[in-house]
Structures are given as C-alpha cells and as structure tokens.
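Throughout, protein chains are lettered first and strands after them, A, B, ... in sequence-line order, and every chain is numbered starting at 1.
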Amino acid sequence: MSAEIIQSRREWLLSDRPASRLQARLGRAYVTWRRFSANRLALIGLLIIIALLVVAALADVLAPYSPTIGDLKNARLLPPGAAHWFGTDDLGRDIYSRIVYGSRWTLYVVILVAVIAAPIGLLVGTVAGYAGGWTDAILMRITDIFLAFPKLVLALAFVAALGPGIENAVLAIAITSWPPYARIARAETLTVRNSDYIKAVQLMGASPFRIVLRHIMPLCVSSLIVRVTLDMAGIILTAAGLGFLGLGAQPPLPEWGAMIASGRRFILDQWWVAAAPGAAILIVSLGFNLLGDGLRDALDPRSGDQ
Amino acid sequence: MTAAIAIQGLEVVFDRFRALKGVSLEVGEGQSYGLVGESGSGKSTLLKAITGLAPVASGTVTVNGKTLGKTRDKAFYRDVQMVFQDPYGSLHPRQTVDRLLQEPLAIHGIADGEKRIERALDEVGLGKGFRFRYAHQLSGGQRQRVAIARALILEPSILLLDEPTSALDASVQAEVLNLLEEVRRRRKLTFLMVSHDLAIITHMCERLMVMQNGEAVETLTASQLIGHRVSEDYTRNLLRASEGFVRV
C-alpha cells in the first residue's frame, strides 16, 4: 500500500505535464536530489554538515562542561577518559565541550563569509560580463588586483589593520575570497549573454538590471554554489590559520584554530590538546568538500539536459 | 496603404565590416515580406538592425510612421516582436513555459496575465498541459510554438521572423508555417520574414527582396519569382540552386 503511494508520488514529481508551478519546481528539485543522492560520498558529506548543524544548535545540551571555565586545580591536561572524552587543556577546560561550542564559531565564520563574498562576486561578475566595455575592464582589473595577493597574507594585513578578533577575521576572509566568484560569474555570463534567449528578453524591452538579475544570475548561481561549497573547507582552514596566528578568535573563545595554537606547546606530551580540534577541522572540511563534489554533479547545467 | 516598416539607406557596420550597405525597403501594413539570400548576405542583420540589436551606422528605420533613434522604447517592443531561428537556443533553459510567457507581461505591466497566457498557448496549439514544462521537456516544433506565443503575447502588429523553420524537420516545418499564416490572417499582422528557402518565401510572402553581400539585388513579387520573371543573374542562380539536384 505504502509502496503504491510512494510510486504515485514519484510519478507526480516526474510528470511530463506538471499542472502547477509548484509541481514543476518540485519535480526539478526531485531530479536534482536523485542525481545528488546517487553519489554515496556526497551523502556522507551532507551527513557531516547536518551533524555539524545539529551539534552547533544543541551545544548547550551536548556539552557536559563550560567551554570557557575550567578546573585549574584538579583537571589540567588530563588525557582522554570517561570524565573528559577528549581530555582537558592547560586551563583545565574540557576539550570535548570546547569543540562542541567551537562548531558554532566555525559555522558562524563559514556562513558569514559565504553570505558576504558570494553575492559580491556574483554581482561584480555578472555586471562586468553583461555590460562589457569599460565597466568590464574596470571591474575585472579590480578583481585581478585582489586575486594577485596571496589570500592569507592579505587577510593578515586586513586583520592587522582592523585589529584581531573573529569579526575582523570574517571580514578579511570575505574580502579576499570574492574575486574567484566574480571570475566564475563573469565567465558564465559571457557564455549566455549573446544567446537567443537573452536577446529575446531584450526584445521585450527588459532593462539591463532585470536581465542580469532575473535571467543571467539564476544561470550562474549553481556553479557558484558548487564553488562556494568547495571553498568552505578553505575558509575554515584560513579562519583556523588566523586563529592559530592569534589574529582570529581571541581567548577564551573556543575556536578550533586557536585551540590548536594553544595546544602547540604540549604537542609532544599532551597530544590530544591539539589533535582533537585538528580532527574536527579535518572532518568538517572533508564534509564540505564531499558535499561540494556531489553538488557539482547534481547542479552542473552542462551535464544532462537540465 | 501606409508603410508598417520603411527603411532608407540602412548601413550596419561591425568593427569595420559593412554587413549592410545602404539597403532600402518598404513593407505595407498587413503585408508579408520576404528576404532571401545566401548565408552572410545580411538578411538577419537587417532584422537585428530594426530591433536595435545591431549597430546602425547610417540610414533611417521607420516603424508605423515613427522614425527610430538609437534606442528603442518599450512601446516599440509592443509593436514589433521577433521569432528566432533556433528553437533550441531561444528559450531560457531554467524557466518554465509559464515563466517565459509571464516575463513580457511583467515587463510591460500587463495585468490580465493568467488569461493572456492561456489564450496565447491555445492560439499556438499548445494546451494547458504544456504550461509548466521546461524547455528541455519540449520538442523542436513545440519550442518554436512557445517562441511564437511569447512573441504574440504582447499583441504586436509586426512580427519579424528569422528563418523560423529552418531548424525543424519537414513535417513540423509545415505545421509551424501554417500556424504563422493562420495567426497573421487572424491578427492582421505584418510579417518580415527571412529565409534561404525560396519555396517557403513564395508560399508565405507576397513580396520579397533578394540580397547578396549586404546589398539588395532586386525586389520581386511572389508571382514573378514563381514565373521565373527575374532580371538579375544572381536571382536566376538562386532559383536554379533551389530546384535541387538534377540527375544528368
């Protein structure tokens, strides 16, 4: 019985003749999902990211200790055990709790960078690609200048100018990570700007603003989503790098990069202090990379007749 | 009869290449006018120059009594619409038919969208079942019907057709041509149609202009072309070529 319901639902989704806007959209989403879920590794990536979201949301419930207040007297640098799963650090803080709370900061950095950098890149790229001429030349030269700087060094310079702190680290990473997105968006725009379907919209009297926003941007978004997802790992690592150098999150924030930095001093005798946050960074970066790979296969407009 | 389209000495230059060299023509209201010639003769460029997609170097284009400047306003696009050659390239790959048809209505702020979309789909012989399909769910002929519906939804008086059937196979070609004929009769449209197929032009158009290398070779009526009463050698060659292979 239930198998029949599922079967008829699938037919409804894959219908050649959708009867409403919603059905057409859901059908399309379903096809994309089927293509995505055919990839096992991508599903693992998605699970890791969902797990990260859950941990960040439920940090208060999952963490047995406070992330910032430790027991200096009795619990300094304890090895992993039943009371402290990942051990404790030099200030007697439970590392497991700090990693659980640190997931919030990781998400905060990643989401904020994506939300700032991707739209800037998309806007610059599509406008440059569609307008052409002088606008294109000026916008792209600015992009080139930003691209010419090594990312971490430029971020370092920004943080040094703005002062250390996680907000400034986010800003610095965002400022350095939009140029590749602008390049991608421009390349995509150039391939579609002379197509007949864009000309057809021009012939309806649409304004350039409308064409870029409603007809060109949707075509660039999927390749941009893929690229941003693949970059998330890099963003986490850059944030961790800034944290490690003491220019990102400041103590006592439980940011993973800063945690590794503070564990550096005991890396030979108390390896778990640095290893636990290192493993967390590794797993989350891997998750984003797997997810991005899967999204590329599922969303790439050039594969299949989407 | 007043002229729907009047073109005087039109020149189009792309980076020093003269695509059109002083072409003039006049299309009466409600007339169907054909442009024939080999590839690169400038026939499609002429249509693009009218719509403002090609850079006009000199000459004037007058549509419904209004001489056009460098830019085209919205009112122009409500009068003049175009159907492109390649139905596989002229529909946005990420939009449903519904979205495609809604766009012109949204741009021009037309309120009774629902009704117009349904009417437009009926008019081109596609039922409601096609409304929420994406372009990749349609065949070539169906796509071209959608493109025609999109052009008609603003209720223009002039339709520019850039080889509307050359990408379709023979039976579908006939269907689309019949649809265009029917639409023209019902709406009293003016057609300016480009084709390299003389048979289609003689079938669809009353008058035609033969073009070569960006210049007008001669202007004929359809019956002159059918009766081979032509004066230029080039046209004679075209006619011979269109008869196809002759077995020796």
Side-chain angles (χ1 to χ4, degrees), chain A residues 12-32 35 132-133 188-189 191-225 298-306, chain B residues 47-48 50-54 71-109 126-138 143 146-147 150-151 153-154 156 160 162 167:
Chain A
W12 183 79
L13 282 169
L14 294 176
S15 163
D16 268 353
R17 297 173 163 258
S20 70
R21 225 157 283 174
L22 182 72
Q23 190 183 355
R25 209 166 291 159
L26 286 178
R28 201 180 175 81
Y30 179 63
V31 170
T32 310
R35 225 185 292 166
E188 292 272 324
T189 307
T191 60
V192 300
R193 66 174 284 205
N194 287 324
S195 63
D196 281 350
Y197 54 86
I198 296 299
K199 279 188 198 143
V201 193
Q202 287 171 343
L203 287 189
M204 288 164 196
S207 63
F209 178 72
R210 189 187 181 94
I211 294 174
V212 168
L213 200 69
R214 304 203 43 164
H215 298 268
I216 290 180
M217 278 191 185
L219 288 171
C220 303
V221 162
S222 52
S223 52
L224 214 64
I225 288 177
L299 292 178
D300 192 347
R302 275 167 294 270
S303 68
D305 54 2
Q306 280 268 336
Chain B
L47 294 194
K48 285 188 183 141
I50 296 173
T51 57
L53 290 176
T71 54
R72 310 277 184 272
D73 56 5
K74 274 191 183 177
F76 169 81
Y77 294 118
R78 286 187 82 149
D79 265 350
V80 183
Q81 276 297 318
M82 181 159 166
V83 176
F84 291 88
Q85 174 176 9
D86 179 14
Y88 292 89
S90 64
L91 303 184
H92 198 287
R94 296 271 170 134
Q95 292 178 352
T96 57
V97 171
D98 178 62
R99 224 352 258 291
L100 283 167
L101 296 179
Q102 220 153 46
E103 195 63 11
L105 300 174
I107 290 167
H108 290 268
L126 297 173
K128 272 189 210 142
F130 290 89
R131 183 164 169 190
F132 297 103
R133 287 199 193 185
Y134 289 94
H136 68 87
Q137 294 170 312
L138 302 171
R143 285 175 193 228
V146 171
R150 174 176 60 187
I153 205 161
L154 288 174
L160 307 176
D162 186 359

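For B/Leu91, the part lying near chain A is the backbone, with the side chain staying farther off; criterion is any non-hydrogen pair under 4.5 Å. With a 4.5 angstrom heavy-atom cutoff, B/Thr96 touches chain A only via side-chain atoms. Looking at B/Arg131, only its side chain comes within 4.5 Å of chain A, counting heavy atoms on both sides. With a 4.5 angstrom heavy-atom cutoff, B/Lys128 does not touch chain A via any of its atoms. Contacts of B/Arg150 with chain A are made by side-chain atoms alone, with heavy-atom separations under 4.5 Å and no backbone atom involved.
Using a 4.5 Å cut-off on side-chain heavy atoms (C-beta onward), B/Glu103 and A/His215 make contact. Residues A/Leu219 and B/His92 have side chains in contact (heavy-atom distance under 4.5 Å, counting atoms from C-beta outward). Considering only heavy atoms from C-beta on, B/Tyr134 comes within 4.5 Å of A/Arg28 through its side chain.
To the nearest 0.5 angstrom, A/Leu22 atom CG is 10.0 Å from B/Phe132 atom CZ.
Listed options B/Ala106, B/Gly89, B/Ala151 were ranked by heavy-atom pairs under 4.5 angstrom with chain A; first place goes to B/Gly89. Counting heavy-atom pairs closer than 4.5 Å to chain A, the top-ranked of the candidates B/Arg78, B/Arg99, B/Gln81 is B/Arg99. Heavy-atom pairs under 4.5 Å with chain B peak, among A/Ser195, A/Pro218, A/Ala19, at A/Ala19. Ranked by heavy-atom pairs under 4.5 Å with chain B, the first of A/Lys199, A/Arg21, A/Gln202 is A/Arg21.
Heavy-atom minimum distance, A/Gly205 versus B/Lys74: O-CE, 3.9 Å. Between A/Pro18 and B/Arg133, the closest heavy-atom pair is CD-CG, 4.1 Å. Residues B/Tyr77 and A/Leu203 approach most closely at CD2-O, 2.9 Å, considering heavy atoms. Across all their heavy atoms, A/Ala200 and B/Ser90 have their closest contact at CB-O, 4.4 Å.
Contacts between residues 206-214 of chain A and chain B, defined by a heavy-atom separation under 4.5 Å, are made by A/Ala206, A/Arg210, A/Arg214.
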